[in-house]
Amino acid sequence: MRGFYSRKIHSLLGVIPLAFFFIEHMMTNFAAVEGGASGFTDSVLWLNSLPLVFFLELFGIWLPLLYHGVYGLYIAYQSKPNLNRFNLERNWRYTLQRISGIITFIFIVWHLFQTRVQVAVGNVKHEELGGVMHDIATQPLLLAVYVIGVVAACFHFSNGLWSFLISWGVTVGPRSQKVSSVLCLGLFVIVTSMFLLSLFTFRDNEFQAAASAAQILRSFS
Amino acid sequence: MAETVAAPKNVKFIITRQDEPESSPYTEEFELAYRPGMNVISALMEIQRNPVNATGDSTVPVCWESNCLEEVCGACSMVINGKPRQACAALIDNLEQPVRIEPMKTFPVVRDLVIDRSRMFNALKRVKAWIPIDGTYDLGPGPRMAEKKRQWAYELSKCMTCGVCLEACPNVNEKTNFIGPAAISQVRLFNAHPTGEMNADERLEALMEDGGIDGCGNSQNCVRACPKGIPLTTSIAEINKQTTKHMFKRWLGV
Ligand code: SF4
Ligand code: FES
């Protein structure tokens with residue numbers, strides 16, 4: 001496929017559906033903060049009760065993620081960072097967008113293995129995911145990796161939106177690009193805090209009840 | 001009041017040289033007596049007159065290109081102290097020493113500081129950066145351009161194809177065939193012209209080919225590096241808008 005269209009699809013998939021799923025995931029996690037272990041379990045179960053959930057996942061998450069991730073790695077490979085010569089804010093964001101993309105991709109694959117794949121192979125039930133997360137969030141090393149992964153994903157999401165608006169010709173002049181920078185920075189702060197709050201909430205003991213299942217998981221990681 | 005006799009100052013240069021397009025580069029140091037108002041080109045001229053390097057050995061004069069000597073032709077672009085810019089406008093007084101001079105390696109190096117900017121001119125041909133007015137009869141006067149539009153279009157017309165924006169771009173490199181910011185901005189210029197507008201689609205389609213506008217990654221270095229202050233990122237975003245619209249129009253067949 002010609003570069004123009006493949007790049008446009010890459011850009012579009014980053015927002016629809018991936019950015020939307022990212023927000024949705026944030027809300028599901030935040031149910032843990034608002035409603036505790038039962039709130040989180042309810043929201044996970046609700047999500048999985050959606051009709052045709054298999055196809056929603058396939059076309060709304062798996063395939064877009066694969067395309068955006070693999071093509072994104074290619075974009076990152078094609079870049080030749082020059083921060084040493086152009087130590088500028090926008091150039092930093094350009095470079096970090098590529099680095100955070102790589103980190104996020106690796107992190108997501110690992111995170112999926114720990115959660116979704118374990119559900120798929122029958123090691124963990126949906127109701128036990130809170131326990132799995134409790135298990136991860138209480139181990140300092142894993143927690144640190146999660147914090148890095150989450151921050152990278154949040155940056156990639158927010159700055160990606162900024163870039164998307166330019167690539168589709170929505171924000172054209174310098175002022176609109178400045179305003180969208182500020183808005184996207186605000187978004188970054190909000191999503192990062194919400195994800196991290198949820199992550200640290202998983203450390204609460206009430207999530208431990210389901211953690212026994214997570215013991216099984218340990219033998220896989 | 002006693003006059004102080006200023007000790008004769010010297011200026012040190014470290015120049016990256018290359019004898020042939022395929023040979024490997026090396027650096028050579030030069031030391032010249034300071035003269036008020038000297039710039040990088042006048043220094044290179046002095047080396048040409050007296051090709052002796054800092055260790056006192058006579059050497060082959062350094063090759064470079066220049067024409068206008070007033071920052072309008074773009075021929076003398078090189079990397080000075082890490083920044084791509086015009087050598088004729090680089091005053092020694094404003095430069096940190098030793099002055100490091102390198103060719104813009106984004107382009108093929110012909111010799112020393114001489115580079116081959118053909119890809120920029122080919123890019124202008126590819127996007128048809130002109131207004132076709134030739135015909136077999138007098139077509140009469142074209143439509144007029146609104147003054148407000150003329151003002152910003154004039155800014156875009158200042159581009160001297162110097163290549164600095166390509167040198168500054170992290171996406172213009174050997175791994176991509178990205179056309180670079182300058183040609184994209186010229187498409188905006190010619191698409192804005194009331195007569196040029198009649199061929200707008202052809203220019204957009206050229207930028208939707210491989211190596212076209214999709215190569216931009218929004219690092220926005222170009223707009224900060226352009227010596228002419230051309231709003232390159234505005235041009236790129238505007239052409240993003242025009243190509244996106246064109247894409248949908250083509251799909252829907254309108
Ligand atoms: S846009 Fe500016 S930096 Fe780029 S070639 Fe033209 S004058 Fe040089
Ligand atoms: S000689 Fe023309 S820009 Fe320097």
Side-chain angles (χ1 to χ4, degrees), chain A residues 1-12 14 71-101 156 158-181 184, chain B residues 79-85 102 104-106 152 164-165 167-179 188 204-225 231-248 250-251:
Chain A
M1 207 187 324
R2 279 207 313 220
F4 181 80
Y5 297 100
S6 40
R7 182 68 183 251
K8 271 270 180 289
I9 291 172
H10 169 83
S11 172
L12 182 68
Y71 194 82
L73 289 179
Y74 176 63
I75 293 174
Y77 155 78
Q78 281 193 315
S79 138
K80 200 174 169 186
N82 55 7
L83 280 173
N84 51 339
R85 268 161 68 176
F86 295 91
N87 190 4
L88 304 168
E89 185 250 344
R90 298 266 160 101
N91 197 24
W92 267 98
R93 281 207 258 144
Y94 162 90
T95 312
L96 286 176
Q97 184 69 4
R98 277 136 191 87
I99 296 172
S100 65
H156 195 80
S158 323
N159 192 55
L161 281 180
W162 176 78
S163 201
F164 173 88
L165 291 174
I166 297 173
S167 300
W168 289 77
V170 179
T171 48
V172 173
R175 187 168 322 153
S176 60
Q177 292 178 6
K178 180 93 217 144
V179 170
S180 67
S181 290
C184 289
Chain B
V79 179
I80 301 167
N81 284 348
K83 294 274 180 304
R85 53 184 298 188
E102 298 158 76
M104 294 203 303
K105 291 201 195 75
T106 299
W152 65 252
V164 162
C165 53
E167 176 74 17
C169 177
N171 275 5
V172 175
N173 59 52
E174 58 290 342
K175 287 179 272 183
T176 73
N177 50 6
F178 178 38
I179 195 163
R188 179 173 172 228
L204 295 180
E205 275 169 27
L207 284 181
M208 292 160 79
E209 295 289 333
D210 247 356
I213 190 157
D214 60 275
C216 174
N218 298 314
S219 82
Q220 303 207 336
N221 287 347
C222 55
V223 73
R224 304 282 296 266
L232 291 165
T233 46
T234 308
S235 290
I236 292 172
E238 171 60 30
I239 296 302
N240 272 326
K241 181 192 239 167
Q242 290 184 20
T243 46
T244 304
K245 267 192 192 163
H246 185 68
M247 171 180 81
F248 285 119
R250 228 165 35 175
W251 277 349

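Reminder, nothing fancy here: chain letters follow the sequence lines and each chain counts from 1.
Neither the backbone nor the side chain of B/Val223 comes within contact range of chain A; no heavy atoms are under 4.5 Å apart. When heavy atoms are compared at a cutoff of 4.5 Å, B/Ile239 does not approach chain A at all. The part of A/Trp162 that comes within reach of chain B is its side chain, from C-beta onward, which places non-hydrogen atoms under 4.5 angstrom from that chain. Of the atoms belonging to A/Gln177, it is side-chain heavy atoms, and not backbone ones, that fall under 4.5 Å from chain B. Of the two parts of B/Thr243, the backbone and the side chain both hold a non-hydrogen atom closer than 4.5 Å to a non-hydrogen atom of chain A. Using a 4.5 Å cut-off between heavy atoms, B/Gln242 does not touch chain A at all. With a threshold of 4.5 angstrom between heavy atoms, A/Ser176 does not approach chain B through any atom at all.
Taken to the nearest 0.5 Å, the CD atom of A/Gln78 stands 8.0 Å off from the CG atom of B/Asn177. Note that CD1 of A/Ile75 and NZ of B/Lys175 are 13.0 Å apart. Values are rounded to the nearest 0.5 Å. Between the SG atom of B/Cys216 and the CZ atom of A/Arg7 there is a distance of 8.0 Å, given to the nearest 0.5 Å. In this structure, B/Gln220 CD and A/Arg93 CZ are separated by 8.0 Å, a value rounded to the nearest 0.5 Å. Going from atom OG1 of B/Thr233 over to atom CZ of A/Arg90 covers 7.5 Å, rounded to the nearest 0.5 Å.
Defined by atom type and a distance below 3.5 Å, a donor-acceptor pair is present between the side-chain atoms of B/Asn171 and A/Tyr94.
Residues B/Asn218 and A/Ser167 come closest through the heavy atom pair ND2-OG, 3.5 Å. Closest approach of A/Pro174 and B/Thr234 over heavy atoms only: CD-OG1, 3.5 Å. Annotation for A/Asn82 and B/Glu167: closest pair ND2-O, 4.5 Å, computed over non-hydrogen atoms.
Chosen from B/Ser235, B/Pro84, B/Gly211, the residue pairing most often with chain A at heavy-atom distances under 4.5 Å is B/Pro84. Put simply, of A/Gly169, A/Pro81, A/Ser11, the one with the most heavy-atom pairs under 4.5 Å next to chain B is A/Gly169.
Under a 3.5 Å cut-off, the side chain of B/Asp214 and the backbone N or O of A/Tyr5 do not form any donor-acceptor pair. A distance-only check finds a donor-acceptor pair linking the side chain of B/Asn240 to the backbone of A/Ile166 [under 3.5 Å]. Side-chain N or O atoms of B/Lys83 include one that pairs as donor or acceptor with a backbone N or O of A/Arg85 at under 3.5 Å.
Under the rule for a ring pair (Phe, Tyr, Trp, His ring centres under 6.0 Å), the partners of A/His10 that lie at least two apart in sequence or sit in another chain are A/His68, A/Tyr71. Under the ring pair (Phe, Tyr, Trp, His ring centres under 6.0 Å) criterion, A/Phe4 pairs with no residue, sequence neighbours left out.
Heavy-atom neighbours of A/Trp92 CH2 from other residues, nucleotides or ligands within 6.0 Å: at or below the threshold of 12.
When side chains are defined from C-beta on, B/Thr244 counts as touching A/Lys8, because their heavy atoms get closer than 4.5 Å.
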